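Every value quoted in this text rests on a predicted model; they were computed, and no experiment measured them. No hydrogens, no waters, no symmetry mates; every other heavy atom, side chains included, goes into these values.
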Amino acid sequence: MRRKDDLGHRWTEGGVERAVIRIVRRLSPGWARRRITRRTRLHTELGWDEWYVLRVARPVRAALHETLDDRLLLNAKTVGEIVVMVWARMAAA
């Protein structure tokens, strides 16, 4: 199944997952790509505080052309929850 971002680019859920993991990896120096999965916990495993998760919003907007609600993003506990948020924002293709 494919969905479109706000600019009309088509994405699969796997593509969104890989893009979000790349973003999280860039924001978490020292973490290898293989160690970050959908189940990776932002606070306990990566050591992010509750506000650091907001740093994901700008790269998501740049790479995936989607705007995430800050209030929802603050509640994200895992990388997978961010993937689900981005995927849910995209329109069915």
Legend entry - ring-ring contact (aromatic ring centres under 6.0 Å, His included) contacts touching residues 52-83 (sequence neighbours left out): H9-H65, W48-Y52
Legend entry - L64 vs R89 side-chain heavy atoms within contact, under 4.5 Å: no
Which pairs of donor and acceptor atoms, one on a side chain in residues 70-79, lie under 3.5 Å apart (sequence neighbours left out)?
| unit_1 | atom_1 | unit_2 | atom_2 | d |
| --- | --- | --- | --- | --- |
| R71 | NH2 | D69 | OD2 | 3.1 |
| N75 | ND2 | R71 | O | 3.2 |
| T78 | OG1 | G80 | N | 3.4 |
| T78 | OG1 | E81 | N | 3.2 |

Inset, instruction - Please name the pair of heavy atoms, one in E17 and one in V83, separated by the smallest distance, quoted to 0.1 Å. - result: CA-CG2, 3.9 Å
Inset, instruction - List the atom of K4, the atom of E66, and the distance in Å for their closest heavy-atom pair. - result: O-OE2, 4.0 Å
Inset, instruction - Look up atom CG in D49 and atom NE2 in H43, then write down how far apart they are to the nearest 0.5 Å. - result: 8.0 Å
Legend entry - Neighbour count above 12 (heavy atom, 6.0 Å) for R61 CZ: yes
Inset, instruction - Mind checking the CZ-CD1 spacing from R58 to I23? Nearest 0.5 Å is all I need. - result: 13.0 Å
Inset, instruction - Assess whether atom CZ of R55 is packed by more than 12 heavy atoms of other residues, nucleotides or ligands within 6.0 Å. - result: no
Inset, instruction - To the nearest 0.5 angstrom, please state how far the CG atom of D6 sits from the CE atom of M90. - result: 8.5 Å
Inset, instruction - State, with a plain yes or no, whether a side-chain heavy atom of I82 is found less than 4.5 Å away from one of L42. - result: yes
Inset, instruction - Would you name the heavy atoms of W11 and A63 that are closest together and state the gap between them? - result: CZ2-O, 3.6 Å
Legend entry - Hydrophobic cluster membership, V84 vs V16, 4.5 Å side-chain cutoff: no
Legend entry - Under 3.5 Å: donor-acceptor pair, side chain of R3, backbone of W87: yes
Inset, instruction - State, with a plain yes or no, whether a side-chain heavy atom of V24 is found less than 4.5 Å away from one of L27. - result: no
Inset, instruction - Find out if a path of hydrophobic residues (ILVMFWY) with successive side-chain heavy-atom gaps under 4.5 Å connects W51 to L46. - result: yes
